[in-house]
Structure formats: structure tokens, C-alpha cells
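Here the structure comes first, spelled out in C-alpha cells, and everything after it is commentary.
As the structure lists them, so they are numbered: ligands from 1, and atoms in each ligand from 1.
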Amino acid sequence: MQIPFIDLKSQYEAYKEEINKEVLDVLNSTQFIMGPQVSKLEENLAKYTGAKYAYACSSGTDALLIALMAIDIQPDDEIITTPFTFIATAETIALLKAKPVFVDIDETTYNIDPKLIEAKITSKTKAIMPVSLYGQVADMDAINAIAKKHNLVVIEDACQSFGAEYKGKKSCNLSTIGCTSFFPSKPLGCYGDGGAVFCNDDEIAAKMKSILNHGQGKRYEHKYIGINGRLDAIQAAILNVKMNHFDAEVKKRVEVGERYTKLLAGADVITPKIMEDRNSMYAQYSIRVKNRESVMQKLNDVGVPTAVHYPIPLHLQEALSYLGYKKGDFPISEQVGTEIMSLPMSPFLTTEQQDFVVNALKA
Ligand SMILES: *Cc1c(COP(=O)(O)O)cnc(C)c1O
């Protein structure tokens, strides 16, 4: 049996008729950029998350960049974030010549440890950027409380957690700004690159909407320096179809994730721990094992693909070496980085496939 790591094929088969029709409608309309499909998506996204404003944009990375530009991040400003994440989190900070200041993660959730944040706040700190890794929201109440005390902005990197809940509220609508990605493998994915920003603040929202379209207000009148950060209509049309099925997919994701945890109880692995006041979208179902490389090789040999999210924490990445961090600075991120591996995960993973993965892993 060959198991797909993320089963995008079954998903497309399931929604094929609707998606093909909507995509053809866009082609026939020749309205390829912005337009009614994008507006409809933005309404859908705002309604789903409860955020007052949602704006679709070109990717999760651009969503983070737009958020940072909208709060006017300047060179040498400091943004506190986690080193245990995808490069985009710190990359966007670095692109603006601001400084990513890392704080180690909590060993249970793999998200930024709020207890370690305050010690890193300086007069240059402008924002905290927690990541809701693998689909489980970071400890936003604790983070928001610290931000409030020090007058900082909180930007949730929710690129893996669209759909997740924290104390009854949706990810993306838990802080000053929420940013998500619609990369195909994310919990809500399109068929190319896409993303969105979320906000309840009138002023910041208006600025983000403008920045993602070259800082434009009225046509050819530019109030801000912006970017070409628009989402195209074909991606919006696909996302609008997928939104109709998203609640069912969320339910399936949680079921598949919880079933893995149940089946792996007692095995010599560390399974994800989800806090009681939240859930996880299991953007990745990631476990910790000793001798990861040989486990991954053996699984691969029997048709079970795996991946590592992420093998090198950001403070040890060459591109960020100028920050001056060294090995040992963030021991939990480094330790988890040597043990973590992700199993095949999607709402279309059958129980038969899942049993196969679990049995192969146990063997
Ligand atoms: C995927 C991801 C991003 C970037 O999203 P893109 O749409 O690929 O640009 C940023 N942060 C995290 C945590 C991600 O997982």
C-alpha cells in the first residue's frame, strides 16, 4: 500500500464538479484579479472567524509582511517570535530590516513559551508574533496580556491553524492581526499560493487592504508603499467551494488526529498534546521518536511517507546567522527538532490507511 502524505487527489475528486464549474466561470468572466469571487471569499472568511475584517492576499508569507508593514515596522524594531517554525515567520521581519528576537517553545505544545517572553522585551520591541504550530493555537490569552501591559501588537501566524478554536473563538481572530496561508497542504488550501489577513481594528484593516494592492486608495493614488499582494480570482473561486465543505473537513481532521493519538497510546513515541481549552487542525500530525532517521527510512520502505517540520530551528539557519545566535540558545526547540516527524494526515485518510501507518510505525 502506498499512502499519500496529504491526500489532495481524493479531495479534488470529491469536489471536482463544483470546483471545475467555478473555475470555468472565472475563465469565462475574464475577471482574473480581484472581483466578485475575492469579495465573496473575504465575506466568507470574516463570517467564519468572526473577525470584523478579512482580506485575501497572495500567500501566508505576504500576509505576515502586510501585517508588519501595516503596523509600520521600521529597521531595528524588534519582534518577539519562536525559532521553531517555518522560515517565513522570521523572514518577513528580516525583510523589513527589523530584528526577530527568539524565545524558546513550550515542550508540550511546541508553541512559544509565554513565561519566557517578558525577559526579552526592550524599548525597541514592537510586536509579538506567536505561531499556532501544527494547527494548535498558541497560548493567546497569556501573550495578549503581556502585549497589553507593554503596549505591543500581537500578530498570530495562523498559517497552520485556520479553523482551530481557542476558548470558543477562532484562530485568526485572537489578536491584533491574524495571518493565514492557503498553500495547498494547509488546513484550507487553494490550488496555488494564497493567504489572508484578519483584523478588528478599522485603521489597521484599511491599511492592510491598501498595502496588499500597492498602497492604493483610489485607482493610481498611492497612500502607502505596498506590494502586489492580491489573491487571484481562480484561487478565490476554489476556496469558496472548499469553504462549503470546511466544517466537515475540520471534523474529520480532529477525528483522524485523535484516532492516531489513541492508536499510538503505549507505543514508544510522544504524541501531540492538545490543551483542554483549544483544539488542533493537525495541519501536521507530528510525533517525537528516538532514531528518527531510521524510523523514517523504514516507513518509507513500506510506502508510508513522512516529513520533518522542522529539522533546523530558525536561530541556526544560515540566512539568519547575522543575528548572532548559537547552538544551545534554545534547547527545547533544538531537542524537539531532532526528534519530531510528521505522519500522513488529511481529512481523506481512511481508517484502513491509518491502521497501516500505525502498524508500520509500531513494527
Ligand atoms: C506555510 C507557512 C507560512 C507561509 O505561508 P505561504 O502561504 O507558504 O507563504 C508561514 N508560517 C507558517 C507557520 C507556515 O506554516
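- Closest protein heavy atom to atom 10 (C) of ligand 1: C159 SG, 3.4 Å.
- Residue T85 has at least one heavy-atom neighbour below 4.0 Å for each of these atoms of ligand 1: 13 (C).
- Assignment of H309 to the shell around ligand 1 is not supported, since no heavy atom sits closer than 4.0 Å.
- Set against the non-hydrogen atoms of S181, the atoms of ligand 1 under 4.0 Å away are 5 (O), 6 (P), 7 (O).
- One finds no salt bridge joining E22 and K242 here, because no Lys/Arg side-chain nitrogen approaches an Asp/Glu carboxylate oxygen to under 4.0 Å.
- Salt-bridge annotation for R259 and D355: present, with a side-chain N of the basic residue lying under 4.0 Å from a carboxylate O of the acidic one.
- Note that the OG1 atom of T108 and the CE atom of M275 stand 5.5 Å from one another [nearest 0.5 Å].
- Side-chain N or O atoms of Q354 include one that pairs as donor or acceptor with a backbone N or O of V256 at under 3.5 Å.
- Of the protein's non-hydrogen atoms, D157 OD2, 2.8 Å is the one closest to atom 11 (N) of ligand 1.
- Within ligand 1, counting atoms from 1 as listed, the ones closer than 4.0 Å to a heavy atom of A88 are 4 (C), 10 (C).
- Looking at D301 and K298, no side-chain N of the basic residue comes within less than 4.0 Å of a carboxylate O on the acidic one, giving no salt bridge.
- With Y48 as the aromatic partner, K170 meets the cation-pi criteria of under 6.0 angstrom to the ring centre and within 45 degrees of the ring axis.
- Residue contact check: G60 has heavy atoms under 4.0 Å from atoms 5 (O), 6 (P), 7 (O), 9 (O) of ligand 1.
- The protein heavy atom nearest to atom 4 (C) of ligand 1 is T61 OG1, 3.5 Å.
- Inspection of the Y285 and T271 side chains reveals no N or O donor paired with an N or O acceptor under 3.5 Å.
- In this structure, of Q284, Q160, K186, the residue bringing a heavy atom nearest to atom 2 (C) of ligand 1 is K186.
- Taking CD1 of I112 as the reference point, atom OG of S132 lies at 11.0 Å (rounded to 0.5 Å).
- Set against the non-hydrogen atoms of V131, the atoms of ligand 1 under 4.0 Å away are 13 (C).
- The parts of S59 lying near ligand 1 are both backbone and side chain, judged by heavy-atom distances below 4.0 Å.
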